[in-house]
Amino acid sequence: MYSFEFEKPSTIAEAVAALGAEEAQALGGGQTLIPTLKQRLAAPAKLVSLSGIAELKGVCVEDDGALAIGGGTTHATVAREAADKYPALADLASHIGDPAVRNRGTIGGSLANNDPSACYPAAVLASGATIRTNSRDIAADDFFQGMFTTALADGEIITSVRFPVPQAANYQKFLQPASRFALVGVFVARFADGVRVAVTGASEDGVFRWTEAEQALSADFRPDAVKDLKVDPSGMIGDLHGSKEYRAHLVGVMTRRAVAAAG
Amino acid sequence: MPKDSGIGASSKRREDVRFLTGAGNYTDDINIHGQAYVYFLRSDIAHGRINSIDTADAEAMPGVVRVFTGADFEGVGGMPCGWQVTDRHGQPMQEPPHPILAQGKVRHVGDPIAAVVADSLEQARDAAEAIAFDIEELPAVVDMREAAKGGATKVHDDLTSNICYDWVLGETDDAKVDEVFQNAAHVTTLELTNNRLVANPMEPRVCVAEYSRGTDEYTLYTTSQNPHVIRLLMCAFVLGLPEHKVRVVAPDVGGGFGTKIFHYAEEAFCTFAAKACNRPVKWTASRSEAFMSDAQGRDHVTKIELALDSDNNFVGLRTDTLANMGAYLSTFSSSVPTWLHGTLMAGNYKTPVIQVNVKAIFTNTVPVDAYRGAGRPEATFQLERVIDKAARELGVDPIKLRRQNFITEFPYDTPVALTYDTGDYNGTMDKLEAAADIAGFPARRAESEARGKLRGLGVNCYIEACGIAPSNIVGMLGARAGLYDAATVRVNATGTISVMVGAHSHGQGHETAFPQVVAEMIGIDESMVEIVHGDTSKIPFGMGTYGSRSLAVCGSAMVRATEKIINKAKKIAAHLLEASEADIELKDGQFTVAGTDKSVAWGDVTLTAYVPHNFPLEDIEPGLEETAFYDPANFTFPAGAYACEVEVDPETGKVTIERFTAADDFGNIVNPMIVDGQVHGGIGQGIGQALLENCVYDENGQLLSASYMDYAMPRADDVPFYTVDHSSQTPCTHNPLGVKGCGEAGAIGSPPAVVNAVIDALQSGGKTVDHIDMPVSPSRVWAAMNG
Ligand SMILES: Cc1cc2nc3c(=O)[nH]c(=O)nc-3n(C[C@H](O)[C@H](O)[C@H](O)COP(=O)(O)OP(=O)(O)OC[C@H]3O[C@@H](n4cnc5c(N)ncnc54)[C@H](O)[C@@H]3O)c2cc1C
């Protein structure tokens with residue numbers, strides 16, 4: 001680690017002000033950022049911890065029934081508090097990393113980081129969620145812009161994420177055996193007006209919507225509806241854990257399983 | 001009735017109390033007043049020529065004590081190799097220098113270019129970033145097959161090629177071997193890879209070194225499995241220090257698995273720097289450093305051919321192996337693919353003609369050396385995979401084919417230089433078939449199929465040569481060290497006993513098991529006996545722990561020393577009881593005159609030894625302390641049969657292990673619970689190799705699996721509950737305890753069982769696949785099913 005300054009504000013406004021400084025960076029749960037710092041792969045001049053900001057934390061139901069989760073809410077809290085409101089989302093949160101990661105890592109940190117194998121991006125994209133920041137609302141479809149890239153501007157803080165709650169949903173995660181991130185993860189969400197399918201772990205462009213499957217499932221929400229659909233391997237990730245072809249194949253398998261489990 | 005103490009009792013591991021309550025004393029727990037910290041600047045390219053290194057800016061950084069480069073070690077020895085292999089033409093292997101810090105070239109990612117000693121670790125790291133160097137990148141030699149070709153880029157410019165040695169064992173006349181294969185009714189051939197592994201002990205390597213100007217003495221605390229070996233190698237071959245001025249301490253060590261046997265450059269560096277800087281120095285490897293500097297394991301590519309006659313008897317075996325040495329020869333690297341591998345190719349079978357060919361190859365990768373099993377897992381894997389394939393091709397039951405070819409008479413001289421003293425392979429297989437309920441497999445398969453899963457059964461045998469080993473034999477084979485061990489039994493005046501042993505416990509439970517033996521021999525409570533290990537200033541010159549040798553070799557020394565103690569104690573007892581020594585019997589800690597009720601207790605005799613008021617001083621010396629060195633007559637030969645049942649998900653290719661059964665013959669057993677634990681751990685590592693672990697370099701020699709994000713260690717939910725059966729027992733014929741060793745068996749026996757089971761599962765799904773290389777990952781299984 002290189003040395004840096006440290007601030008721990010207690011309001012969003014203070015945090016935004018602190019992040020205005022040269023080379024300042026937000027610190028969520030630190031589960032991604034701290035290892036990066038320890039390896040000296042990043043050298044922020046100042047870290048602004050978001051963990052002391054009460055208004056960034058918690059899970060609540062909004063008037064229209066959507067679920068709002070504070071940007072600083074840990075995975076463990078989501079797993080616990082969203083369980084009866086959005087079980088598929090809570091289940092996803094309960095399978096991120098290990099207890100230490102779940103009790104420190106936050107939804108805001110996960111989305112801001114946009115790891116191509118992370119779980120939350122699939123839920124956010126499949127739910128058609130809205131990412132709220134200190135300055136605007138960003139639709140999920142506009143937020144994810146490729147591996148480790150998002151629509152966030154420098155110093156912009158994810159304050160909450162608003163999830164419309166689907167009628168039925170499920171997340172299927174096929175584990176990368178070492179990291180236990182998603183080798184391929186598929187989140188299927190069925191709304192009154194159609195089905196959304198988001199895939200993580202598979203593509204070189206990060207999380208994406210599988211539109212052919214969405215169309216097929218919107219017409220017929222059964223695993224068989226997608227059994228003949230194929231994903232083109234060419235844009236998939238190929239690495240020591242699985243070839244492009246294998247990932248493309250798994251997208252189909254995980255989608256069918258998610259549909260079956262969503263019921 | 002199971003015993004509750006002494007030999008055969010499952011005494012609870014007394015060392016666990018301190019390990020589990022945070023009271024252990026590991027090397028990193030040791031801090032010496034005024035210590036400075038070492039940071040190694042390591043190469044981030046696999047192969048390069050060092051044009052210049054400029055340390056001036058680094059030297060001027062805050063807190064920096066001194067910056068070292070290879071130039072500071074001109075005239076100092078390099079890291080030695082402890083085993084000289086002689087090639088097929090009688091020539092010694094090619095043995096390139098291995099400097100403490102790189103000189104001239106860097107040869108793998110992680111090769112140390114420079115070392116900074118500073119007041120704090122962060123200051124040392126900052127300074128390392130200020131070192132200016134010009135290293136011209138050279139093409140990396142990564143693939144062994146390419147490296148072995150003439151004209152390939154050379155890892156070491158001064159060698160004639162990248163081939164360390166080209167070695168043969170067994171039948172050296174090619175024509176004779178060819179004839180066997182030409183006359184065979186059936187030949188089965190298999191090409192396979194034994195995947196490279198990173199040992200990954202929980203505790204990374206650490207060194208703390210201190211030098212006293214007043215006494216000219218050095219102390220090195222280090223994470224080692226064999227402190228005396230480190231002291232000898234470092235003093236005699238590297239730094240040229242007098243051994244009596246150097247103390248090496250290996251305190252609690254958090255796992256070794258082989259990778260902490262070797263003498264590492266960091267140990268020599270820290271010892272050297274402690275004097276050069278006149279300050280204690282400390283180095284603690286980060287996990288990333290462990291991935292690129294701990295010697296790695298396995299990494300063989302093999303073609304194996306098995307010839308059978310028309311009655312399915314094995315008539316010939318031929319293997320061709322390329323073994324990766326990495327960039328330098330680590331301490332025992334050269335012996336692993338040869339004397340620890342080729343010699344095991346007979347397995348449990350009476351194959352009359354065997355030829356083993358091994359080429360050891362230098363590449364721009366981290367050095368490879370012994371890892372749990374060392375050579376024997378590689379041998380077992382090839383042999384048991386090719387037998388399985390032969391059974392499939394011939395349509396015979398794989399267990400029957402094995403049984404038909406078992407060695408049944410002992411002692412048995414194999415065609416590959418070993419003499420098996422004893423064993424009962426059919427008996428062990430009987431135990432396996434019962435414990436694994438092989439007969440019930442078809443019903444379990446049907447149940448899996450009803451759930452849409454493919455189920456496979458894999459069975460295999462293994463044999464290993466342990467208790468390494470007779471010094472005269474290993475010396476003949478090229479070892480540059482003796483491989484005896486030593487123990488000193490010091491009886492205290494009150495009757496308690498300290499046993500100073502050359503073996504080192506780093507997870508094996510010696511602190512519990514060794515006292516069980518001494519307590520049993522004397523008939524006293526186990527709690528009265530304690531072992532002392534890991535400190536050259538306290539223990540006799542023993543060779544440490546690896547190769548499942550501790551109890552078989554060091555335990556035997558301890559038995560011999562305890563026998564000397566008992567003999568002397570009997571003399572003292574005879575004097576006290578005014579009887580003839582020949583009439584004294586020792587039982588339950590009481591010395592009795594045979595046939596009388598005259599007796600004297602152990603504690604009275606030991607007190608007399610140290611308070612010799614009434615003592616036969618004219619016959620014997622006072623005191624009660626004896627040392628024995630023990631050099632065995634042969635290796636020991638643990639053997640067993642393993643069965644694995646897997647389920648394969650046909651949609652994803654994911655393999656799950658449903659049942660795993662081990663039937664081992666370890667000879668006599670001192671602590672069954674510890675033996676179970678050793679087998680469980682070994683199988684866990686074997687399953688790790690078979691399903692998960694893979695150390696991968698890209699074509700530029702960059703380590704792709706350089707952290708736990710990409711190197712998959714087995715977790716609790718990757719392994720099943722094991723069934724282990726150790727009731728097949730043919731005691732070793734040549735050591736006093738009749739023990740064989742159990743530390744490596746699990747890791748040796750389990751990988752082929754897993755792969756055999758996967759192949760069987762695919763077959764049941766209608767897909768005949770000859771082989772899938774380890775790790776048998778979902779992606780590979782899926783590719784094989786759809787290939
Ligand atoms: C062992 C391990 C296993 C894991 N397994 C999984 C897994 O299975 N699935 C998975 O999805 N993830 C996994 N993770 C990642 C984990 O979910 C992290 O918590 C998450 O990616 C980052 O969240 P954080 O709060 O820790 O963010 P930090 O590490 O603190 O920050 C990450 C990035 O986000 C920025 N940031 C943080 N909070 C905000 C905010 N509110 N607004 C804007 N920017 C912000 C930071 O500046 C930084 O750039 C794992 C991590 C570990 C260490």
Side-chain angles (χ1 to χ4, degrees), chain A residues 1-4 31-32 35-41 43 95 97-101 115-118 172-186 201-202 223 226-227 230 233 236-258 260, chain B residues 39 44 62 120-123 125-126 128-129 195-196 198 200 286-289 291 452 649-656 687-688 690-698 702-718 775-787:
Chain A
M1 234 180 250
Y2 297 103
S3 50
F4 52 80
Q31 296 304 293
T32 299
T36 313
L37 297 180
K38 281 168 107 177
Q39 289 179 64
R40 295 192 161 196
L41 296 173
H95 288 97
D98 49 46
V101 170
D115 187 304
S117 304
Q172 291 287 321
K173 176 182 183 183
F174 193 85
L175 299 182
Q176 192 263 50
S179 69
R180 295 204 171 184
F181 276 65
L183 188 73
V184 169
V186 176
V226 289
K227 78 173 193 315
K230 294 264 178 299
M236 298 287 113
I237 300 169
D239 61 15
L240 62 152
H241 305 293
S243 61
K244 291 170 181 284
E245 291 73 21
Y246 182 61
R247 279 192 172 77
H249 166 74
L250 279 185
V251 172
V253 177
M254 293 299 120
T255 302
R256 291 198 298 277
R257 290 185 181 179
Chain B
Y39 181 81
D44 60 4
S120 77
L121 181 58
E122 291 300 306
Q123 288 172 327
R125 255 182 115 169
D126 287 343
E129 288 181 8
N195 43 327
R196 185 188 279 235
V198 181
N200 277 308
S286 67
R287 185 58 68 181
S288 308
E289 265 184 303
F291 270 100
D649 178 343
E651 278 190 318
T652 63
K654 184 165 168 53
V655 175
T656 48
I687 289 174
L691 292 185
L692 297 159
E693 298 184 47
N694 204 16
C695 177
V696 184
Y697 294 87
D698 73 7
Q702 290 296 328
L703 184 55
L704 297 179
S705 49
S707 79
Y708 292 136
M709 293 301 278
D710 287 300
Y711 190 90
M713 295 293 285
R715 290 160 159 95
D717 62 356
D718 291 314
V776 182
S777 64
S779 177
R780 286 182 177 175
V781 174
W782 177 78
M785 282 192 298
N786 294 282

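Naming convention: chains lettered A, B, ... in sequence-line order (proteins, then strands); numbering from 1 in each chain.
- Chain A forms the most heavy-atom pairs under 4.5 Å with one residue out of Pro775(B), Gly653(B), Ser779(B), and that residue is Ser779(B).
- A distance of 6.0 Å separates CE of Met254(A) from OG1 of Thr652(B), quoted to the nearest 0.5 Å.
- The shortest non-hydrogen separation linking Asp710(B) to Ala178(A) is C-CB, 3.4 Å.
- Ion pairing of Arg715(B) with Asp98(A) is absent here, as no side-chain N (NZ or NE/NH1/NH2) approaches a carboxylate O to less than 4.0 Å.
- Neither the backbone nor the side chain of Arg780(B) comes within contact range of chain A, judged by heavy atoms closer than 4.5 Å.
- With a 4.5 angstrom heavy-atom cutoff, Arg40(A) touches chain B via backbone and side-chain atoms both.
- The main-chain N or O of Met709(B) is found under 3.5 Å from a side-chain atom of Gln176(A) such that the two form a donor-acceptor pair.
- Taking CG of Asp717(B) as the start and CZ of Arg180(A) as the end, the distance is 4.0 Å to the nearest 0.5 Å.
- The backbone N or O of Glu651(B) lies less than 3.5 Å from a partner atom in the side chain of His249(A), making a donor-acceptor pair.
- Of the two parts of Glu129(B), only the side chain, counted from C-beta on, holds a non-hydrogen atom closer than 4.5 Å to a non-hydrogen atom of chain A.
- Heavy atoms only, all atoms of each residue included: Ser705(B) and Leu240(A) are closest at CB-CD1, 4.3 Å.
- Contacts with chain A were tallied for Asp126(B), Asn786(B), Leu691(B), Asp718(B); Asp126(B) has the most, counting heavy-atom pairs under 4.5 Å.
- Residue contact with chain B, scored on non-hydrogen atoms closer than 4.5 Å, involves the backbone and the side chain of Glu245(A) alike.
- Considering CG of Leu250(A) and NZ of Lys654(B), their distance stands at 11.5 Å, rounded to 0.5 Å.
- Contacts of Asp649(B) with chain A are made by side-chain atoms alone, with heavy-atom separations under 4.5 Å and no backbone atom involved.
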